[in-house]
J.: 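Take this structure first; my questions come after.
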Protein chains: 2
Amino acid sequence: MRVMKSSTEMVRQQNSGLVLSALRRFGALSHTDMADHTHLSSATVSAITTELDRAGIIERMEQQAATGRGRPRVLFRPSRGCGYLILVRISSDVVQYSLVDYAGTLMDRFDEARGASATDVTVFSRGMLEALDRLIGRSSISRDAVLAISISSKGLVDTAYQRLVWSPVFGDQEIDFQWLLRDWSARIILNNETRLTAQAVARCLEKKQDLKQSLAVLSLGHSIGLGIVQRSSVGALEVTAPNFGHMLHVANGGLCRCGARGCIEASTGFYGILRTAFEVPADTIPAKFVPLAEMDRIAMSARQGKRMATYAFRQAGLALGQGISRVLSLHETMPVVLTGPGTRYYDLLQAGMVEGLAQSQPVRREGMPDISLMDDEAGLVFEGHKQRAFDDVDQDILTLRPSASAAMKAG
Amino acid sequence: MRVMKSSTEMVRQQNSGLVLSALRRFGALSHTDMADHTHLSSATVSAITTELDRAGIIERMEQQAATGRGRPRVLFRPSRGCGYLILVRISSDVVQYSLVDYAGTLMDRFDEARGASATDVTVFSRGMLEALDRLIGRSSISRDAVLAISISSKGLVDTAYQRLVWSPVFGDQEIDFQWLLRDWSARIILNNETRLTAQAVARCLEKKQDLKQSLAVLSLGHSIGLGIVQRSSVGALEVTAPNFGHMLHVANGGLCRCGARGCIEASTGFYGILRTAFEVPADTIPAKFVPLAEMDRIAMSARQGKRMATYAFRQAGLALGQGISRVLSLHETMPVVLTGPGTRYYDLLQAGMVEGLAQSQPVRREGMPDISLMDDEAGLVFEGHKQRAFDDVDQDILTLRPSASAAMKAG
DNA sequence: ATTTATTTTCTCGACTGTCGAGAAAAAAGA
DNA sequence: TCTTTTTTCTCGACAGTCGAGAAAATAAAT
């Protein structure tokens, strides 16, 4: 069936979700604030908050400074002890584990450097299981209290079945996280990293009333990621992370890490730029990892006018610009946000990008898209990670918890 | 706000929509059928049907052959007289006007050949207004009874504001249908033609339980159209028609009708194939129109082994294959349905297509997508046209009509 | 110290929905 | 004429939202 039937119970669930997500967005709200944000009547908010409070999903905050005349407002927030989130960010050199309580505050975090055993999946898997146990051990939390384990990585992700299909780190070695974490009752979520960045950027712009119809977020670095935000027909934001880095740039182009030829990444990823700058043949096996210092040196010589270095960045920009033009053709003209370590070379990439964009039909018609840079990719990923995980977890909780307590209320 | 709040009235509206759309899909249903299809209880269906019946939106069908024992079922269908739809299909040589009643049956249709004045917008506009009046005149229908005028054309369409932005027929001359038809109370809908085809194909496959997660429909002809069907996170089908024909195929490629260079259409559209086959320089102004007979001749000589003709089709297939590979990269691997007059040359296009697809990353990983052909593009466009228009019109009616009659019921 | 003004929370009754169960209707067969 | 069968229709229970106004709790004014 296309669309679910609706019932009065669904209405309550939907509106509870509205209240909870308002709480997530704005931290702590009073009755009246919630009514304003959700456009629900005060009476309804009252009913919902008492229900959620009784179920232990939200809690009244302790007193706070008087705000003026009148009855003091009581603020609600998601109940800290309701459950916990574990966020795992897998990046090329390090795996970061974060523990977050239900109110969204970071409780604990540590990094696990991936040493020489970097690329072995079984070693990584064992390390991950240990790290997870250590994380909850340090805060004396039981496994059952962990509502979700949300994992992010660059690469190709099977969101439906929580399988990492291809990643820069592990290549073609699949990881089935659903299976790996089968001893955990928590919901397992797997995300493409740039998807999370896009989500965070979108919410951020939404708050500033600055979100257009849609939005593209590009992460530039050793690999190239794209996240796309669109408003669905019902008005919700849908975020996707297409496999942009490995979209065909040009037939018979440079050899890519993925084994194909002519991917965008093979021109625009750090290893691609390096290869061009040093005039290494384009079918050379890509470097596993290019230190940022190395890239900085190439950029330096490009800024000093060295020909091949300049050319390398220009070609990278060209591939990026043409790739973006294709994205615009297949969606619509939308603002582009660049992030990731590669943004520091934007001055060198720009000319090629503009050239690559200019000749295409969508740009000829609608003009250049807005292109802006955004720093702190790590922070954005973390924010997006939380948002994404809570979206799911809150939904889970609302479908299970309050009805159970409704039975208690009756008994 | 992200998502609308829910209320009991919205529940009724939603479920009424479910009932009505079941009626649209299956023609005429009894109480019990509707309950089965919508998963609503018999009591609810009863309430809804009496309400819709009273409001004149659906009607009981006259008697029908006894189906066996038991109380005879009463069948409902959308009420013929509830309103009318006008569907206008603008194609390169002809404009087709169709009048459809609220039950979806075709009442009247005529074609208006666009003569020498073909490309002049004011002439076309005047002609269209006249044709619309003639259409309703012939069936003695008043303007107010026309619920929607749904227009389709190839080209670039601004769905939000009903403006035809660029079309093969009128080029850069915009047509603002909202303005042109300002004397009509009907809702104005403007669609890209391939969007409609995709919609029809999707519903067709859905009925056969054969619809995968998503689907791409390509229309091959003088121009190239793409429609993409995706399931949104809430499970509804979202159909979009990206500007595929004018996506960048290759930098500095052949001159396209749109004025840009290297668009897919410039290689794969009929005029592109013609240009290559006859070794005309790729920056030659494209032919306005290529008769099918002309294409058939080129195909004939290609099948007889003539080199340039074969090459032309191969290049066209290559551009198509590479373009599709990019679509798969930016969405996911999905089945591809080919339609339109160009499918008769599929034997000649196939080799290039496969080559263009094979080298790309998504195909290397997931294998070749399912590619199938479908005839009767005109029929599909008509079906999709109806579906699309009724989706909108039914929604409009449900938000307005039944509540008004609820007041009557009280009085 | 008491009153007044102000702001927020909470409660009540009216209304609109859905649902299950079973009554009523209508036809075919015994 | 009675029984069986199938479908439609109705009724009461239950769940949810909403507006209005009561109740609560504080600051300012007297």
Side-chain angles (χ1 to χ4, degrees), chain A residues 4-19 28-54 58 60-61 63-76 398-399 402-407 409-410, chain B residues 4-19 28-54 58 60-61 63-76 398-399 402-407 409-410:
Chain A
M4 209 48 187
K5 80 175 178 190
S6 201
S7 64
T8 48
E9 284 93 346
M10 286 303 298
V11 168
R12 168 55 65 92
Q13 190 174 316
Q14 166 100 347
N15 287 339
S16 299
L18 237 45
V19 166
L29 296 176
S30 73
H31 245 168
T32 20
D33 296 334
M34 293 186 236
D36 288 351
H37 279 112
T38 60
H39 296 181
L40 292 167
S41 77
S42 154
T44 305
V45 172
S46 203
I48 290 177
T49 49
T50 53
E51 190 183 43
L52 294 184
D53 190 11
R54 205 182 309 245
I58 64 176
R60 304 173 121 75
M61 276 174 63
Q63 95 313 331
Q64 56 284 329
T67 55
R69 229 179 225 224
R71 180 171 175 171
R73 31 180 54 189
V74 315
L75 298 187
F76 285 91
L398 288 181
T399 54
S403 50
S405 77
K409 195 168 54 180
Chain B
M4 208 49 186
K5 80 174 180 191
S6 203
S7 63
T8 46
E9 284 93 346
M10 286 303 296
V11 168
R12 169 53 65 93
Q13 191 174 318
Q14 165 99 349
N15 287 340
S16 299
L18 237 45
V19 167
L29 297 176
S30 73
H31 244 170
T32 21
D33 296 333
M34 293 187 236
D36 288 351
H37 279 112
T38 59
H39 297 180
L40 293 167
S41 77
S42 155
T44 304
V45 171
S46 204
I48 289 176
T49 48
T50 53
E51 190 182 44
L52 294 185
D53 190 10
R54 204 182 310 246
I58 63 177
R60 302 172 124 76
M61 276 174 63
Q63 97 309 335
Q64 56 285 325
T67 55
R69 242 181 212 216
R71 178 170 177 172
R73 31 181 52 191
V74 315
L75 298 187
F76 285 91
L398 288 181
T399 55
S403 50
S405 78
K409 194 169 52 183

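In the text below, chain A, chain B and the rest are named by the order of the sequence lines, each starting its count at 1. Please read all numbers here as calculations on a predicted model, not as lab measurements.
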J.: Using atom CG of A:L29 as one end and atom P of C:dT9 as the other, report the distance to the nearest whole Å.
T.: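 Atom-to-atom, A:L29 to C:dT9, this comes out as 11 Å.
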J.: I'd like to check A:R12 versus A:I48 (side-chain heavy atoms, cut-off strictly below 4.5 Å). Are they in contact?
T.: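 Yes, at least one pair of side-chain atoms sits under 4.5 Å.
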J.: Can you see if the side chain of B:R71 gets near the phosphate of D:dT5 - specifically, an N or O under 4.0 Å from OP1 or OP2?
T.: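 False: B:R71 side-chain N/O out of range (4.0 Å or more) of D:dT5 OP1/OP2.
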J.: What is the distance, rounded to the nearest whole Å, between atom CD of A:E9 and atom P of D:dT17?
T.: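 Distance, rounded to whole Å: 11 Å.
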J.: With respect to the phosphate group of C:dG17, does any side-chain polar atom (N or O) of B:N15 fall under 4.0 Å of OP1 or OP2?
T.: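 It does not, given that no N or O in the side chain of B:N15 lies less than 4.0 Å from OP1 or OP2 of C:dG17.
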J.: To the nearest Å, give me how far apart CD (B:E51) and P (D:dC9) are.
T.: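 One finds 15 Å between P of D:dC9 and CD of B:E51, rounded.
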J.: Taking any heavy-atom pair under 4.0 Å as a contact, classify B:S42: base, sugar-phosphate, or nothing.
T.: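 Here B:S42 touches the bases of the nucleic acid.
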J.: Report the residue (B:R12 or A:R60) whose heavy-atom-nearest nucleotide on DNA chain C is the more 5′ of the two.
T.: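 The residue mapped nearer the 5' terminus is A:R60.
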J.: Any chance you could lay out the side chain to side chain contact (heavy atoms under 4.5 Å, CB included) test for B:T49 and B:I58, step after step, and finish with the verdict?
T.: CA-CA 8 Å; B:T49 48; B:I58 63 177; 4.1 Å; yes
J.: DNA chain D: A:S16 or B:H31, which has the more 5' nearest nucleotide?
T.: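 Whichever sits nearer the 5' end wins; that is B:H31.
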J.: Starting from C1' on D:dA15, measure out to CD on A:Q14 and report it in whole angstrom.
T.: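 Interatomic distance, CD of A:Q14 to C1' of D:dA15: 16 Å.
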J.: If the cut-off is 4.0 Å, is A:S41 near the phosphate of D:dC18, judged by side-chain N/O to OP1 or OP2?
T.: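 So the side chain of A:S41 is within the cut-off, an N or O lying under 4.0 Å from OP1 or OP2 of D:dC18.
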J.: Where the side chain of B:L40 is defined as all heavy atoms beyond and including C-beta, which of D:dA25, C:dC19, D:dT10 is the nearest nucleotide?
T.: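 The answer is C:dC19, which lies nearest to the side chain.
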J.: Are side-chain heavy atoms of A:T38 and A:N15 found at a separation under 4.5 Å?
T.: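 Contact flag for A:T38/A:N15 side chains = no.
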J.: Taking side chain as C-beta onward, heavy atoms only, is A:L52 less than 4.5 Å from A:L398?
T.: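 Touching, per the 4.5 Å side-chain cut-off.
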J.: Can you find a side chain N or O atom of B:T32 that sits less than 4.0 Å from OP1 or OP2 on D:dT8?
T.: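 Yes, such a contact exists.
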J.: When you check the phosphate oxygens OP1 and OP2 of D:dT6, does a side-chain N or O of B:R69 lie under 4.0 Å from one of them?
T.: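 Answer is no, no contact under 4.0 Å.
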J.: What is the distance, rounded to the nearest whole Å, between atom CZ of B:R73 and atom C1' of C:dA25?
T.: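 So the CZ-C1' distance, B:R73 to C:dA25, works out to 16 Å.
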J.: Once rounded to the nearest 0.5 Å, what's the spacing between atom OG of B:S7 and atom CD of B:Q13?
T.: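 Reported value, rounded in 0.5 Å steps: 8.5 Å.
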J.: For A:M34 and C:dT8, give me the distance from atom CE to atom C1', rounded to whole Å.
T.: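 Nearest whole value for this atom pair: 12 Å.
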J.: On the nucleotide D:dG16, are OP1 or OP2 found under 4.0 Å from the side-chain N or O atoms that B:S7 carries?
T.: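 B:S7 to D:dG16 OP1/OP2: no side-chain N or O under 4.0 Å.
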J.: How many whole angstroms separate atom CD of A:Q13 from atom P of D:dA15?
T.: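 For the pair A:Q13 CD and D:dA15 P, the rounded distance is 15 Å.
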J.: Whole angstroms only, please: what is the CE-P distance between B:M61 and D:dT8?
T.: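 From B:M61 CE to D:dT8 P: 14 Å.
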J.: Think A:T44 has a side-chain N or O under 4.0 angstrom from the OP1 or OP2 of D:dC18?
T.: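 Answer is yes, contact under 4.0 Å.
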